Chemist: 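I am attaching a structure below and will ask some questions about it afterwards.
Because only heavy atoms are used, hydrogens play no part in the values below, and waters and symmetry mates are left out as well, while side chains stay in. Please read all numbers here as calculations on a predicted model, not as lab measurements. Proteins come first, then strands; the chains are lettered A, B, ... in the order of their sequence lines, and each starts at number 1.
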There are 2 protein chains.
Amino acid sequence: MGTVSKALSLLGFFNHQRTEIGLSDLTRLSGLNKATVFRLMAELQEGGFVEQTGEGRAYRLGPEVLRLAALREAAVPVLSVSRAILDALAEETGETAHLSLLRGGALHTLAHAYSARHATRVMMDDAEVLSFHGTSSGLAVLAFAPEPFIEAVLAAPLPAHTAQTETDPQAVRRALAGVRETGLACSRGGFEAEVHSHGIPLFGPDRAVMGALAVAAPASRMTPEHAAMIRAALRRAGAEMTRRIGGCPPDHWPREDAA
Amino acid sequence: MGTVSKALSLLGFFNHQRTEIGLSDLTRLSGLNKATVFRLMAELQEGGFVEQTGEGRAYRLGPEVLRLAALREAAVPVLSVSRAILDALAEETGETAHLSLLRGGALHTLAHAYSARHATRVMMDDAEVLSFHGTSSGLAVLAFAPEPFIEAVLAAPLPAHTAQTETDPQAVRRALAGVRETGLACSRGGFEAEVHSHGIPLFGPDRAVMGALAVAAPASRMTPEHAAMIRAALRRAGAEMTRRIGGCPPDHWPREDAA
DNA sequence: GTGATCGGTTCATTATTCGAACCGTTGGTT
DNA sequence: AACCAACGGTTCGAATAATGAACCGATCAC
């Protein structure tokens, strides 16, 4: 592993639960030597990728990442495009809509939108990592991922996030086959209890799956009619989103029964 | 310069004019060896910080920066906080409002908001670099920056962006003294002709200046009454913004003539 | 066909990074 | 007040990883 990769991997330890990390913690988390971590962080700090908080000397992400994100958006406007689509999707379904993208073998949520229609709603955080077997987004992505990737995901132990989580690899495989047929994934309480979510995969210009759009609703609200409405809205939104990012579905995409 | 800094500096060559850069261009821009650039980019690519476009093999910024930006926002919500304030400021003044932050000795615009009131408006891009002597944001920041920093900025040649740009260091110093007294900076066509902008500095928790909020309007619309209204709105928005990011103005801040 | 340029690769040389041990400080315990 | 552990940060010889000139094959203009 090169020096640069080590430095970048340090940035990976930041998440919503851990927005600030001290030198010693970072050393333990990374398994690297303390002096190494210190030097790497010093360089990242110089570049503005991290900064140290006033009181404690803990590190947190720096302002430079905002600049880069703005430029990434200028080059590939996935986020700004998704914002409008997510808002419309949340409005139309009356539920929480969210976008997640595949990054380095993991699925990260990147944006979400709430509907004001109901007092109860599913709450979301950005930059969370989603489970492949326990969420509709995960199943949607996995169903259209390359076989070796599916293999790798299902070979690892599948944690049970709730009592409803399907943890049998064979059962997950059967579910994936269904997703491939319909183009839609569904999860009942597989990640959070009482949350029923529908997901649809998004495809890039190379026709490879790059993420998913999903609608999450309280299970109590999920009637067959509501689910049908959500699925129809999701199909439309997914097609729109894939189109807007210059993407293209694969050959075996079930276009015949689209909305 | 360490390896990590070199890698990070490569990311610095991306901007709005150049969202995609080929290997050879990057080699020329950086002055590094082609093999070195290739290796560094490969590591950045592995980390998801850059990716290669389908057709040409040029590099562009990758999705990982979006994830980091979302986390930075979770830790220090400057952008999301600013969004609401910028929108209100644009609405209230009927002009274009924008936020810029100090990063590595340069002032970068990071967010902006337009008003729908007028057909003519000043257009903005995010992630642009602002001139210190030619913009109201720059003057606002510089006025409250440490003396050595002012020294350094004024020691370098001051480019004339327009015929109206003040390029005499002594004249700029006099302007800064005025800004310190009023807490507000003003620029008439100093960066773009026919643009009249007002800026107010923002302060961090350490009481140091960290950026500026500004309102830019076509010079043709700038009557004394309009300017007074903008200044009042800007003072309110600036105080709110500094407060919301946990900041605090310095001792010599002119609080007496607020609003 | 020729030559220029592109992205990418090789490999011996060398400069940079690594890591155990070591500071000075801080904050909690006795 | 003495102690101790943990913190952020520093040092320096040993070891590893970065470097860059030369080299590919592909593409393209002429």
Chemist: Which atom pair, heavy atoms only, marks the closest approach of B:Gly199 to B:Leu184?
Modeler: O-CD2, 3.4 Å
Chemist: Can I get a per-line list of side-chain donor-acceptor pairs under 3.5 Å for residues 6-13 of chain A, giving both atom names and the distance, sequence neighbours left out?
Modeler:
| from | atom 1 | to | atom 2 | distance (Å) |
| --- | --- | --- | --- | --- |
| A:Ser9 | OG | A:Lys6 | O | 2.7 |

Chemist: Return the minimal non-hydrogen interatomic distance between B:Val141 and B:Ala212, and the atom names on each side.
Modeler: CG2-CB, 3.8 Å
Chemist: Using atom types as modelled and distance alone, determine if a side-chain donor or acceptor of B:His133 lies under 3.5 Å from a backbone N or O of B:Pro159.
Modeler: yes
Chemist: Within the 4.0 Å limit for protein heavy atoms, which parts of nucleotides 2-9 of chain C are touched? Write it as a string from 5' to 3', B for base, S for sugar-phosphate only, - for none.
Modeler: ----SBBB
Chemist: Tell me whether A:Glu51 contacts the main-chain N or O of A:Pro63 through its side chain, where contact means a donor paired with an acceptor under 3.5 Å.
Modeler: no
Chemist: Which nucleotide span of DNA chain D, 5' end to 3' end, has atoms closer than 4.0 Å to non-hydrogen atoms of chain A?
Modeler: D:dC7 to D:dA18
Chemist: Quick one: sort the B:His252 and B:Phe144 rings into parallel, tilted or perpendicular, breaks at 30° and 60°.
Modeler: parallel
Chemist: Okay, side chain of B:Arg60, backbone of B:Thr19: is any donor-acceptor separation there less than 3.5 Å?
Modeler: no
